A.B. asks: 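One structure, as structure tokens, below. Some questions next.
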Amino acid sequence: MNNTSLLLWSAGWLIALLSIDAARAADDLPNVVVIYADDLGFGDLSCYNDEAPYQTPHLDQMAAEGIRFTDAHSPSTICSPSRYGLFSGQQIYRSTGGGGGAFEGPSGPSYLKPGTLTIAEMLKQKGYRTGVFGKWHVGLSWFNKDGQRLGGGFENSLLIDYEKSTPLIDGPNARGFDESFITPNCPNTDPLYIYIENGMVPIPASERHKRDTLPNPGGKWRWDNDEGWKSPGYDFINADLLFYEKTRAFITDHVRQTPDKPFFAVLSTQIAHAPVLPADEFTGATDAGPRADFVWQLDAIVGRVFDLLKELEIDDDTLVMFNSDNGAETLHVHWMRQDHQHDPSGGWRGMKRDGWEGGHRVPFIARWPGHIPPGQVTAQMTNTTDIFATVASVVGVELPDDVATDSFDMLPVMLGQQPETDSIRPHLLTQSFRGEFQIRQGHWKYLDHKGSGGNGYEQGNMAQYALPELAPDAPGQLYNLKTDPGETTNLYFKEVAKRKELQALLVKLKASGRSAPTGRTPFRK
């Protein structure tokens, strides 16, 4: 063999080996499923709360077969900014320069601005087929007949020009998802009530919705169902069953048609957001009232997801993560405490909208057979924003410094390779209802505001949950969660050095455009 032939032969073998390595790398890429619950508090699952008056057996099993985080947090204490955090790996501050409200009606544009890399776009670069099903709620652009963008409002729903508005310029399919079936806002709470499939609206909103057409479990659990405009045939009662069926069809069709290609699916539920409307087959499933039935339904849907993965023989090849967008709703917390001696906040102070722990400390469970060792419980501090960098690590993507700027890689923790005493996160940011910041550093927590940051505790049902303010003149709050997990004693004036340290760190993280480290490299290559 001459030198030229030898070089060609060697090059051929090199190409073949690289091809084999690439194929092996593709085979190593797992499917990824995110089940994203709504207004589900830290104490709402029986694996987090031994005193829960009902069981969540499928989620308990998921935790037993994977890892359960006890110090996990939503990026915000309300839904729209948290969803931005899930999809972008960033605090809402990076999009708006402050906070972010929850969208109602035909309001937008999307918090996911053009040029913001989403987790779906990142995975598409690795060959994933991507889908999202359920509640979207990060804002959408709708236009009237004159091409003017519409805002939220009761009458504005009737001003939508669907030909001018669709396909949606900032819907899921314009942000990295190959397939989508979503509602623009909260499926059962915020008009407009329509389905959007792959950027199009099959049936426009043309009928007036009246809340008295829906069941009213217990005479009160229909609360927060706003009247507005809906598509004919819109189904409030079976919303989450429909979202599951769309997810099931996406996964099933993908596995049958392209079994050699991984997928990414987000199942974004209505449960346990108000109104509480469990499907007929789950009504009365527990002895703890309609909201417990609702959570039972969520648990059953999680069980159906795992049954599907096993039926399709892809269970071992799929990473599943379960998370919630913020703490439990105020009236839900109150009614469950009063009627069923159940605390959805799991003993933490506060609830949805509050900067206290009950507003943003949420369940987070991950399961990946053969990779995540079973039976793990970790107190590692984490945020929903971390799902982005963790998944990037799983699939071997090196994130640029200007992407997912508040996302830390939690894969070492999930794989059982991070010492519990060595925190991945040196700090953690959250934002409350009005966009005000809270920052954690170890056991220390600083709230850059007075009061809850969300709910008022001066009167009505909330007054009974108010605590004495021991430092009424303090413009902020400092707590040591190790010695004071209930956030009862404000150390703003007593621990001046620590308070100033956290204030300076917060200013730095806000100004720098990031809280995550630079030069992130995948833990698993």
Side-chain angles (χ1 to χ4, degrees), residues 35 37-63 68-74 77 188 215-224 240 269-279 282-303 322-354 356-365 377 452 454-455 457 460-467 485-487:
I35 303 172
D38 201 337
D39 289 9
L40 192 78
F42 182 87
D44 272 327
L45 306 182
S46 52
C47 57
Y48 279 88
N49 184 357
D50 292 338
E51 298 180 355
Y54 55 85
Q55 298 297 305
T56 49
H58 298 101
L59 283 159
D60 292 1
Q61 182 176 356
M62 179 183 177
R68 177 169 63 90
F69 287 78
T70 61
D71 200 355
H73 300 263
S74 56
T77 63
N188 288 357
N216 191 14
K220 59 187 178 184
W221 289 99
R222 190 175 60 198
W223 170 78
D224 207 23
D240 286 303
T269 74
Q270 155 77 12
I271 303 171
H273 196 286
V276 172
L277 299 171
F282 300 103
T283 298
T286 74
D287 295 324
R291 189 176 182 275
D293 296 344
F294 215 25
V295 176
W296 180 275
Q297 178 180 339
L298 173 63
D299 184 75
I301 288 172
V302 171
F322 178 90
N323 193 214
S324 175
D325 65 354
N326 47 249
E329 179 59 83
T330 52
L331 274 178
H332 289 193
V333 173
H334 175 66
W335 288 335
M336 291 303 289
R337 285 174 176 172
Q338 297 297 310
D339 298 347
H340 302 287
Q341 296 72 56
H342 169 61
D343 183 11
S345 295
W348 299 101
R349 185 182 185 187
M351 48 201 86
K352 180 179 178 177
R353 301 179 191 84
D354 293 340
W356 297 316
E357 290 295 286
H360 50 80
R361 190 179 286 237
V362 293
F364 181 40
I365 305 170
V377 179
S452 73
N455 299 301
Y457 285 79
N461 293 327
M462 301 297 286
Q464 64 188 286
Y465 305 118
L467 298 179
E487 296 172 277

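Keep in mind that the numbers below use all heavy atoms, side chains included, and drop hydrogens, waters and symmetry copies. These numbers were taken from a predicted model, which means no experiment stands behind them.
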A.B. asks: Hey, is the main chain of Tyr54 close enough, under 3.5 Å, to the side chain of Thr286 for a donor-acceptor pair?
C.D. replies: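 Not at all, since once roles are kept as given, no pair shorter than 3.5 Å links the two residues.
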A.B. asks: Minimum heavy-atom separation for Pro290 to Pro217, with atom names?
C.D. replies: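 Distance-wise, the nearest heavy atoms are CG-CB, 3.5 Å.
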A.B. asks: Is a donor on one side and an acceptor on the other found under 3.5 Å between the side chain of Asn323 and the backbone of Pro363?
C.D. replies: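 Flag set: sc Asn323 to bb Pro363 pair under 3.5 Å.
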A.B. asks: What distance do Leu40 atom CG and Thr56 atom OG1 have between them, rounded to the nearest 0.5 Å?
C.D. replies: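 So the CG of Leu40 and the OG1 of Thr56 are separated by 9.0 Å.
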A.B. asks: In sequence, state the C-alpha distance, the side-chain angles, and the governing distance for Arg68 and Met62, and then conclude on side chain to side chain contact (heavy atoms under 4.5 Å, CB included).
C.D. replies: CA-CA 9 Å; Arg68 177 169 63 90; Met62 179 183 177; over 6 Å; no
A.B. asks: Run the side chain to side chain contact (heavy atoms under 4.5 Å, CB included) test on Asp60 and Gln55 for me, step by step, so that the C-alpha distance in whole Å, both residues' side-chain angles and the decisive distance to 0.1 Å come before the verdict.
C.D. replies: CA-CA 8 Å; Asp60 292 1; Gln55 298 297 305; 4.0 Å; yes
A.B. asks: Between Asp240 and Leu298, is a side chain to side chain contact (heavy atoms under 4.5 Å, CB included) present by the stated rule, with each step listed?
C.D. replies: CA-CA 8 Å; Asp240 286 303; Leu298 173 63; over 6 Å; no
A.B. asks: Testing Asp44, Asp38, Asp39 for salt bridge (charged side-chain N to carboxylate O under 4.0 Å, His left out) with Lys352, which one passes?
C.D. replies: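 Exactly one pass, corresponding to Asp39.
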A.B. asks: Is it true that Arg349 and Glu487 have a side-chain N and a carboxylate O under 4.0 angstrom from each other?
C.D. replies: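 Salt bridge absent between Arg349 and Glu487.
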A.B. asks: If only atom types and distance count, is the side chain of Arg361 paired as donor or acceptor with the main-chain N or O of Thr70 below 3.5 Å?
C.D. replies: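 Yes: the side chain of Arg361 pairs with the backbone of Thr70.
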A.B. asks: Hey, does the Lys NZ or Arg CZ of Arg337 hover above the aromatic six-ring of Tyr465, less than 6.0 Å from the centre and inside 45° of the axis?
C.D. replies: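 Yes, Arg337 and Tyr465 form such a contact.
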A.B. asks: Under the criterion side chain to side chain contact (heavy atoms under 4.5 Å, CB included), which of Glu329, His342, Lys220 is the partner of Trp335?
C.D. replies: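 For Trp335, the side chain to side chain contact (heavy atoms under 4.5 Å, CB included) test succeeds with only one of Glu329, His342, Lys220, which is Lys220.
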A.B. asks: Taking Ser345 for its side chain and Gly347 for its backbone only, find out whether a donor-acceptor pair lies under 3.5 Å.
C.D. replies: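 Such a contact is absent between Ser345 side chain and Gly347 backbone.
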A.B. asks: How far apart are the closest heavy atoms of Ser452 and Gly454, and which atoms are they?
C.D. replies: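 Nearest heavy atoms, Ser452 then Gly454: OG-N, 2.9 Å.
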A.B. asks: Does Pro485 reach the side chain of Glu357, with side-chain heavy atoms less than 4.5 Å apart?
C.D. replies: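 When only atoms from C-beta onward are counted, Glu357 and Pro485 do not touch, as no gap falls below 4.5 Å.
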A.B. asks: Got a donor-acceptor contact below 3.5 angstrom from the His340 side chain to the Ala288 backbone?
C.D. replies: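 Yes, the answer is positive, given that a donor and an acceptor are paired below the 3.5 Å cut-off.
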A.B. asks: What do you reckon, is CD of Gln338 surrounded by more than 12 foreign heavy atoms closer than 6.0 Å?
C.D. replies: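 Yes, CD of Gln338 has more than 12 neighbouring heavy atoms, counting only those of other groups under 6.0 Å.
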A.B. asks: Check the orientation of Phe42 and Tyr48. Use parallel for under 30°, tilted for 30 to 60°, and perpendicular for over 60°.
C.D. replies: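 Plane angle over 60°, so perpendicular.
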A.B. asks: Report the distance from atom CG of Asp299 to atom CD1 of Ile271, rounding to the nearest 0.5 Å.
C.D. replies: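 Between Asp299 CG and Ile271 CD1, I get 10.0 Å after rounding to 0.5 Å.
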A.B. asks: Counting only N and O atoms by type, is there a donor-acceptor contact under 3.5 Å from the side chain of Asn49 to the main-chain atoms of Gly43?
C.D. replies: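 Yes, because the side chain of Asn49 sits within donor-acceptor range (under 3.5 Å) of the backbone of Gly43.
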A.B. asks: Looking at CG of Leu59 and CZ of Phe322, how far apart are the two atoms once the value is rounded to the nearest 0.5 Å?
C.D. replies: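 Atom-to-atom, Leu59:CG and Phe322:CZ are 4.5 Å apart.
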A.B. asks: If you measure from CD1 on Ile301 to CD1 on Ile35, what distance do you get to the nearest 0.5 Å?
C.D. replies: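 If we round to the nearest 0.5 Å, Ile301:CD1 and Ile35:CD1 are 9.0 Å apart.
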A.B. asks: Donor-acceptor pair, Asp354 side chain versus Met351 backbone, under 3.5 Å?
C.D. replies: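 Here the side-chain-to-backbone pair exists.
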A.B. asks: If you measure from SG on Cys47 to CD on Gln61, what distance do you get to the nearest 0.5 Å?
C.D. replies: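 Here the interatomic distance stands at 11.5 Å.
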A.B. asks: Run His332 and Phe294 through side chain to side chain contact (heavy atoms under 4.5 Å, CB included) and show every step you take.
C.D. replies: CA-CA 12 Å; His332 289 193; Phe294 215 25; over 6 Å; no
A.B. asks: With a 4.5 Å cut-off on side-chain heavy atoms, are Arg353 and Thr330 touching?
C.D. replies: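 Contact flag for Thr330/Arg353 side chains = yes.
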A.B. asks: Using a 3.5 Å distance criterion without hydrogens, assess whether the side chain of Gln270 forms a donor-acceptor pair with backbone atoms of His273.
C.D. replies: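 Present.
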A.B. asks: Has Asp325 got a side-chain atom pairing as donor or acceptor with Ser74's backbone, closer than 3.5 angstrom?
C.D. replies: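 It does not hold such a pair.
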A.B. asks: Do any N or O atoms from the side chain of Asn326 and from the backbone of His360 form a donor-acceptor pair under 3.5 angstrom?
C.D. replies: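 No; zero donor-acceptor contacts below 3.5 Å.
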A.B. asks: Please report the interatomic distance CH2(Trp296) to OG1(Thr283), rounded to the nearest 0.5 Å.
C.D. replies: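 So the CH2 of Trp296 and the OG1 of Thr283 are separated by 13.5 Å.
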